[in-house]
Number of protein chains: 2
Amino acid sequence: MPFTYDFPRPALTVDCVVFGLDGAELKVLLIRRKAAPFAELWALPGGFVEMEETLAQAAARELQEETGIRDVFLEQLYTFGAVRRDPRGRVVSVAYYALVQSGKYPPRAASDADAVEWFPVSATPALAFDHAEILSVALVRLKNKVRYQPIGFELLPPKFTLTQLQRLYETLLEQPLDKRNFRKKIQSMSLLVELDEVQKEVAHRAARLYRFDKRKYRQLEKQGFNFEL
Amino acid sequence: MPFTYDFPRPALTVDCVVFGLDGAELKVLLIRRKAAPFAELWALPGGFVEMEETLAQAAARELQEETGIRDVFLEQLYTFGAVRRDPRGRVVSVAYYALVQSGKYPPRAASDADAVEWFPVSATPALAFDHAEILSVALVRLKNKVRYQPIGFELLPPKFTLTQLQRLYETLLEQPLDKRNFRKKIQSMSLLVELDEVQKEVAHRAARLYRFDKRKYRQLEKQGFNFEL
DNA sequence: CCAAAAGTGTTTCACTTACACCCATGA
DNA sequence: TCATGGGTGTAAGTGAAACACTTTTGG
């Protein structure tokens, strides 16, 4: 079916802000651009939306193509439509953010051997286009959302210790938390399953491992339960 | 500068979910479509994004053109990109939501004398495209956001009584609130300025009028204050 | 046995909740 | 004078915050 309104139209892209946790540091995955504009500069992974894919599919596809990352938490962030945000012409970009276990994706996992690297969010290089703004919006969103949605777990391996979880929240909220109060609170939500396993190869008492019970969360959610740290 | 990547591209539109409060009822403004597709059906105001305007400008322009409404709270909601959401072809739509004092915009204020009408959000007619889904996402957003951002005031006239404000929250949160506790809490935030005026023409004791102090809010916000009902 | 992190309870304080009566006004 | 909503304080309960020591393990 030919399109009735054939006005000039903006090009449409997706960009992905990929967050990972490295010890007590929040990092973002960037790729080095090969082509103009902004060749040699670092940028968010992303690209043009194709005609037969949804926006989320486009984001997932670009992420996979440019960084090898797939099957991760991916959520729409915001759509950026400043008129001159791309020097090539009018390009509107739908930004997504992803949460990954950075350990699973070492720096050079990219499929096309391109330059892909993790940077601390507090020390990123100069970025192409308006990607610095996109990153900043993503950071604000992540820091807020982590308080009232259990998305932080996406940044941890499936089995984790309570101390790891606490460090995660301390990093994202940028404030120290009391160990006993944190444990009391998180355990009282009964969203964590205590495993019959402990940490290995640590030079001190081994901590118990837990996993997040997603099924239980969905169930409680329906009953009006609100996660809140 | 000619565009380097000249692939086929989705068309881009904006749609606006306009909320208003009518007494104790939340309403949404719809327009009746004249042209195909979905001629005669009700739809959200919206239209195509032009090449030299931002997304927010496009939303504001369409709102003004189709309903006469301008200078209101308008915030990006979400971008809808299902492949077949428009029968004419691939159309991606950036949705916005607006909060207006519905009293200022009686049903037929539209500039082009088209059919424009307020409907209770709980009793809307069948909607064109995926507009029912957009409305539903907007409702969820509004109901959540009103808890932790003082945006509810956008639905009230500049001068309002505490009872009006309480009714507003009761409507949006869908739960009754205790009068004394509500007043204590809202006043303790010191975001309301007590005016030297009272209600007129009521058949009972006239209530004191207040206004929301936006300047004060911005100031407190910077100091880490969090609005929360 | 030392270093390092794991694990564990109680008290205090602040905030939230529940609750009922008198007041002012116009009809 | 009556009907209608406006306006006000206190007590009880619940959840958040502060806080320090013992245990386990590997080196």
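Below, chain A is the first sequence line, B the second, and so on; all start at residue 1. Computed from heavy atoms alone, side chains included, the values below leave out hydrogens, waters and symmetry copies. Owing to the predicted nature of the structure, the values given are computational and were not obtained by experimental measurement.
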### Query
If you count the non-hydrogen atoms of other residues, nucleotides and ligands that lie under 6.0 Å from CD in Gln223(A), is the total more than 12?
yes

### Query
Does a side-chain N-to-carboxylate-O contact under 4.0 Å join Glu75(A) and Lys145(A)?
yes

### Query
Passes side-chain contact (heavy atoms from CB on, under 4.5 Å), Lys143(B) versus Val146(B)? Steps please.
CA-CA 6 Å; Lys143(B) 286 180 179 174; Val146(B) 87; 5.6 Å; no

### Message
Return whichever of Ala203(A) or Gln199(A) has its heavy-atom-nearest nucleotide of DNA chain C closer to the 5' end.
### Response
Ala203(A)

### Query
Should we count CZ of Arg167(B) as having more than 12 external heavy atoms under 6.0 Å?
no

### Message
Tell me whether the rings of Phe160(B) and Phe153(B) are parallel (<30°), tilted (30 to 60°) or perpendicular (>60°).
### Response
tilted

### Message
Less than 4.0 angstrom from a charged side-chain N to a carboxylate O is my criterion; do Lys214(A) and Glu154(A) meet it?
### Response
yes

### Task
Can you see which heavy atom on Tyr97(B) is nearest to which on Leu99(B), and at what distance?
CD1-CD2, 4.2 Å

#### Entry: Segment of DNA chain C, first to last nucleotide, that comes within the 4.0 Å heavy-atom reach of chain B
dT16(C) to dG26(C)

### Message
For nucleotides 7-17 of chain D, give me one character per nucleotide, 5' to 3': B if any protein heavy atom sits under 4.0 Å from the base, S if the only such contacts are to the sugar-phosphate, - if neither.
### Response
BBBB-----SB

### Task
Tell me whether the centres of the aromatic rings in Tyr78(A) and Phe80(A) are closer together than 6.0 Å.
yes

